[in-house]
Amino acid sequence: MKKVIFSLLFVSFMLLSSSNLFAQQYFVYDGKTFNVMLTCNNDNTKVTKVSFSYNGQWQQFKVLGVTDLESSSEGGFIYEVLDGKGNKFYIDYYRDTNKIIVTNEAGDGRWELFKRED
């Protein structure tokens, strides 16, 4: 009987744990030279992590700040992020068009990426 109760508790715990794991939302945007993955909180109101994929590897970038553009006609946000080498990038997220535009701080690089189909 103890084994049955333990098994039921274990299965219940695993189901509850897995439901929390899938609560976060992941959105991948594909470009010609790299991809970007935005990880959002449970209610999908804040980007909690930004990762860039280059040469088949995901690299996490540090989010330095966010500018809210929801009151503008296009809606969205601009995220300021920092790579591991100290380079700043800006991710301009357009809510209604399913695209992002990534620019580097120097202004000599601009990439348009489109949301991957679910």
Side-chain angles (χ1 to χ4, degrees):
M1 185 64 168
K2 285 184 180 181
K3 282 186 177 184
V4 172
I5 292 172
F6 178 75
S7 296
L8 288 174
L9 287 173
F10 181 74
V11 169
S12 298
F13 174 75
M14 293 306 288
L15 288 173
L16 289 173
S17 296
S18 65
S19 67
N20 287 336
L21 289 175
F22 295 112
Q24 290 183 328
Q25 298 289 322
Y26 301 91
F27 301 99
V28 177
Y29 293 82
D30 297 316
K32 293 179 181 176
T33 56
F34 62 90
N35 303 323
V36 173
M37 180 170 48
L38 304 177
T39 304
C40 297
N41 62 355
N42 294 345
D43 57 357
N44 216 20
T45 58
K46 179 181 177 187
V47 171
T48 58
K49 186 168 82 170
V50 175
S51 303
F52 281 64
S53 175
Y54 184 74
N55 287 336
Q57 294 185 338
W58 287 103
Q59 302 294 323
Q60 187 170 337
F61 280 43
K62 181 179 181 180
V63 178
L64 299 175
V66 61
T67 302
D68 186 347
L69 300 175
E70 286 297 286
S71 61
S72 71
S73 62
E74 296 171 329
F77 302 89
I78 297 177
Y79 295 93
E80 181 180 1
V81 297
L82 187 69
D83 72 4
K85 297 179 182 178
N87 300 309
K88 283 186 188 176
F89 294 87
Y90 300 96
I91 301 173
D92 197 350
Y93 167 75
Y94 293 80
R95 181 174 307 284
D96 295 332
T97 59
N98 288 325
K99 73 176 180 181
I100 59 174
I101 296 175
V102 177
T103 55
N104 62 2
E105 184 178 42
D108 59 356
R110 182 182 186 277
W111 303 270
E112 193 169 294
L113 294 85
F114 293 92
K115 186 178 174 190
R116 185 181 294 175
E117 295 293 322
D118 297 329

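Each residue takes its place number in the sequence, starting with 1. Since this is a predicted model, take the numbers as computed values, not measurements.
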Nearest 0.5 Å please: distance from the [atom1] atom of [X] over to the [atom2] atom of [Y].
| X | Y | atom1 | atom2 | result |
| --- | --- | --- | --- | --- |
| Tyr29 | Asn98 | OH | CG | 6.0 Å |
| Leu64 | Tyr90 | CG | OH | 8.5 Å |
| Lys99 | Leu113 | NZ | CG | 11.0 Å |
| Glu80 | Lys62 | CD | NZ | 11.0 Å |
| Thr39 | Gln60 | OG1 | CD | 8.0 Å |
| Ile100 | Tyr94 | CD1 | OH | 11.0 Å |

Checklist line | Pairs satisfying salt bridge (charged side-chain N to carboxylate O under 4.0 Å, His left out), at least one member in residues 25-35, at least two apart | finding: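 Only Asp30-Arg116 qualify under salt bridge (charged side-chain N to carboxylate O under 4.0 Å, His left out).
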Next item on the list: Give me the ring orientation class for Phe52 and Phe61: parallel if the planes are under 30° apart, tilted from 30 to 60°, perpendicular past 60°.
Entry: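 If you compare the ring of Phe52 with that of Phe61, the planes turn out parallel.
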Next item on the list: Please state whether the rings of Phe77 and Tyr93 are parallel, tilted or perpendicular, taking 30° and 60° as the class boundaries.
Entry: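 Plane angle under 30°, so parallel.
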Taking all non-hydrogen atoms of both residues, which atom of [X] and which atom of [Y] are closest, and how far apart?
| X | Y | value |
| --- | --- | --- |
| Trp58 | Val36 | CZ3-C, 4.0 Å |
| Asn87 | Asp83 | N-OD1, 2.7 Å |
| Ile91 | Val102 | CG1-CG2, 4.2 Å |
| Cys40 | Phe27 | SG-CE1, 3.8 Å |

Item checked: Side chain proximity check, Val47 to Val66, heavy atoms < 4.5 angstrom ->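 No. Closest side-chain heavy atoms not under 4.5 Å.
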Check: Is there a donor-acceptor pair closer than 3.5 Å between any side-chain N or O of Asn104 and the backbone N or O of Gly109?
Finding: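 Between the backbone of Gly109 and the side chain of Asn104 there is a qualifying donor-acceptor contact (under 3.5 Å).
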Next item on the list: Check the pair Asp92, Thr103 against side chain to side chain contact (heavy atoms under 4.5 Å, CB included), reporting the backbone distance first and the verdict last.
Entry: CA-CA 8 Å; Asp92 197 350; Thr103 55; over 6 Å; no
Item checked: Path from Phe114 to Tyr54 over hydrophobic side-chain contacts below 4.5 Å ->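 Shared cluster, no.
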Check: Please walk me through it: do Leu38 and Val50 pass side chain to side chain contact (heavy atoms under 4.5 Å, CB included)?
Finding: CA-CA 5 Å; Leu38 304 177; Val50 175; 3.8 Å; yes
